[in-house]
There are 2 protein chains.
Amino acid sequence: MTTDRIRSLINRLSRLDAGADWEADLNPAQRAALDYLVRANRFSRSPSVVADYLGSTRGTVSQTLKSLARKGYLVEERSSADKRSISYRVTEAGLREAARTGPLAEALAGIGEPDLLALANDLEGLLRRAVRAGGNKPFGICRNCLHFRPREEGGFCALLSVALEPDETHRICHEQEPA
Amino acid sequence: MTTDRIRSLINRLSRLDAGADWEADLNPAQRAALDYLVRANRFSRSPSVVADYLGSTRGTVSQTLKSLARKGYLVEERSSADKRSISYRVTEAGLREAARTGPLAEALAGIGEPDLLALANDLEGLLRRAVRAGGNKPFGICRNCLHFRPREEGGFCALLSVALEPDETHRICHEQEPA
DNA sequence: GTGAATAGTATCGAGTCGATATTATTGCAA
DNA sequence: TTGCAATAATATCGACTCGATACTATTCAC
């Protein structure tokens with residue numbers, strides 16, 4: 001079965017790549033959370049949302065984020081609007097850790113850009129299907145959202161009624177609905 | 001960066017797929033080990049070799065395999081030749097568990113065979129590069145090995161000097177060296 | 001035949017993970 | 001406005017992963 005082969009390949013690739021994380025004093029779950037937080041906008045950096053993204057639970061993610069904070073890669077930022085929720089901000093040290101590369105990144109570096117783009121698109125399509133199959137939220141980029149309104153500088157979110165900084169419009173949002 | 005995107009896609013796919021394992025009372029490490037054992041030949045089912053394949057350590061894998069054995073998915077088979085080594089055999093129950101599918105398999109089921117083959121080849125090339133970059137062993141299929149000699153039925157391994165059953169020649173071998 | 005390499009395991013500490021329960025806080029409806 | 005349900009985060013439990021280290025048994029090479 002080709003499907004089994006692909007499943008096995010994806011898991012092995014991810015596993016080999018994760019092996020390199022340990023040298024960076026992050027485990028795979030911590031790395032995955034940090035990777036997400038680096039790319040997420042300010043509305044999407046709470047334990048609940050990270051849990052949703054990673055297909056995990058609030059309890060687990062809560063612990064993961066606390067341990068990343070202990071290591072100095074994240075900072076808690078309690079919201080004044082909703083006193084229940086917490087947003088985590090990635091620190092400079094966190095950005096440095098997130099930028100570390102493993103064997104997978106090395107392997108990708110040796111491939112030409114056209115092939116990379118084709119592979120990225122294939123995998124993106126596959127992810128879309130897997131997300132549908134598993135009943136997860138899409139978690140797309142702000143800019144490609146139903147509620148996104150472009151402005152001269154940055155944009156505006158019609159759902160949350162807030163102005164968006166230019167670089168925020170390229171970040172992952174948990175409210176995103178594909179346009 | 002397209003490379004970052006691909007890295008993130010592969011990890012997320014593997015993560016979403018792993019989520020389904022828990023319903024099958026396996027965790028991702030156990031699933032990965034079981035998947036490998038199903039496809040490995042009789043010379044390649046020891047803790048050391050599994051550790052090598054998964055990019056883990058003997059200690060960790062030893063525990064993982066023991067816990068799979070406790071659940072009835074594996075059976076220990078001590079070798080008489082080398083009394084230090086153990087080979088694990090997958091039971092019927094283990095085969096059933098290994099055959100369970102997650103959201104990733106569902107997603108793959110909706111894609112045409114030509115596209116699947118193209119994707120599988122791309123990922124295989126990527127894996128080869130990642131394996132080289134990480135200094136891991138290739139772990140190819142017996143049939144494509146330097147030491148493989150075809151026979152009317154099955155084949156013969158010139159390295160270990162043993163006859164091979166027909167279906168053994170399609171299994172993963174830790175001694176494999178690409179022809 | 002002795003010492004080094006190898007195979008497997010036990011143990012330690014930090015952490016994941018699902019499950020469950022608990023505390024704060026918010027929102028809605030009567 | 002009170003009251004109750006939903007929500008956000010966390011604590012706790014037990015099984016397990018993971019690297020590191022130490023240990024035993026066995027095999028191999030000189």
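Just so we're on the same page: letters track the sequence lines, and every chain starts at 1. Predicted model only: the values in this text are computed from it and were never measured.
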*Scan residues 107-120 of chain A for pairs that pass salt bridge (Lys or Arg N to Asp or Glu O under 4.0 Å), counting only residues two or more places apart or in two chains.*
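Counting only pairs at least two positions apart or across chains, no salt bridge (Lys or Arg N to Asp or Glu O under 4.0 Å) contact touches residues 107-120 of chain A.
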
*What pairs meet the salt bridge (Lys or Arg N to Asp or Glu O under 4.0 Å) rule with one or both residues in residues 57-70 of chain B, with sequence neighbours excluded?*
Lys66(B)-Glu76(B)

*Nearest nucleotide by nearest heavy atom, which residue falls closer to the 5' end of DNA chain C, Arg78(B) or Thr57(A)?*
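Between the two, 5'-proximity favours Arg78(B).
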
_Can you list everything that forms a salt bridge (Lys or Arg N to Asp or Glu O under 4.0 Å) with Asp82(A)? Sequence neighbours excluded, please._
Arg84(A)

*asked:* Restricting to salt bridge (Lys or Arg N to Asp or Glu O under 4.0 Å), what partner residues turn up for Lys137(B), sequence neighbours left out?
replied: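 Result, salt bridge (Lys or Arg N to Asp or Glu O under 4.0 Å) vs Lys137(B): Asp52(B).
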
_Give the residues of residues 35-55 of chain A touching DNA chain D, defined as any heavy atom closer than 4.0 Å, sorted by residue number._
Ser46(A), Pro47(A), Ser48(A)

Identify each atom pair where a protein N or O and an N or O of nucleotides 1-6 of chain C are less than 3.5 Å apart, giving names and distance.
{"residue": "dT6(C)", "atom": "O2", "partner": "Arg84(B)", "partner atom": "NH1", "Å": "2.7"}

*Heavy atoms only: give me the nearest Thr64(B)-Ala33(B) pair and the separation to one decimal.*
CG2-CB, 4.3 Å

*asked:* Closest-nucleotide mapping onto DNA chain D: is Ala29(B) or Ser87(A) further toward the 5' terminus? I mean the 5' end.
replied: Ser87(A)

*Write out all pairs satisfying side chain to side chain donor-acceptor pair (under 3.5 Å) with one or both partners inside residues 126-136 of chain A, taking only residues at least two apart or from two chains.*
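Those involving residues 126-136 of chain A do not exist here.
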
Protein-nucleotide distance ([X], atom [atom1]; [N], atom [atom2]), rounded to Å:
| X | N | atom1 | atom2 | value |
| --- | --- | --- | --- | --- |
| Leu16(B) | dC17(C) | CG | P | 12 Å |
| Ile86(B) | dT27(D) | CD1 | P | 13 Å |
| Asp25(B) | dA15(D) | CG | P | 13 Å |
| Leu26(B) | dG18(C) | CG | P | 14 Å |
| Leu65(B) | dA7(C) | CG | P | 15 Å |
| Arg31(B) | dT17(D) | CZ | P | 14 Å |
| Lys66(A) | dA11(D) | NZ | P | 6 Å |
| Leu34(A) | dG15(C) | CG | P | 15 Å |

Ignoring the backbone of [X], work out which of [options] is nearest its side chain.
| X | options | result |
| --- | --- | --- |
| Gln63(A) | dT27(D), dT9(C), dT12(D) | dT12(D) |
| Gln30(A) | dT17(D), dG15(C), dT9(C) | dG15(C) |
| Tyr88(A) | dT10(D), dT16(C), dA8(D) | dT10(D) |

Taking only N and O in the side chain of [X], is any of them less than 4.0 Å away from OP1 or OP2 of [N]?
| X | N | value |
| --- | --- | --- |
| Arg15(B) | dC17(C) | yes |
| Ser62(A) | dA8(D) | no |
| Lys83(B) | dT27(D) | no |
| Thr64(B) | dT17(D) | yes |
| Asn27(B) | dC16(D) | no |

*Name all residues meeting the ring pair (Phe, Tyr, Trp, His ring centres under 6.0 Å) criterion together with Tyr53(B); count only those two or more places apart in sequence or in a different chain, and write none if there are none.*
Tyr36(B), Phe139(B)

_Flag side-chain contact, heavy atom, 4.5 Å: Phe148(B) against Thr169(B)_ =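 When only atoms from C-beta onward are counted, Thr169(B) and Phe148(B) do touch, with a gap below 4.5 Å.
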
_Pairing of Asp167(B) and Arg171(B) as salt bridge, 4.0 angstrom limit_ =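 The answer is yes: the pair qualifies as a salt bridge.
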
*With sequence neighbours excluded, tell me which residues meet side-chain hydrogen bond (donor to acceptor under 3.5 Å, both in side chains) with Glu152(B).*
none

*Name the nucleic acid region contacted by Thr60(A), choosing base, sugar-phosphate or nothing; use a 4.0 angstrom heavy-atom cut-off, strictly under.*
base

*At under 4.0 Å between heavy atoms, what does Arg70(A) touch on the DNA or RNA strands: base, sugar-phosphate, or nothing?*
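Arg70(A): backbone/sugar contact only, no base atoms under 4.0 Å.
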
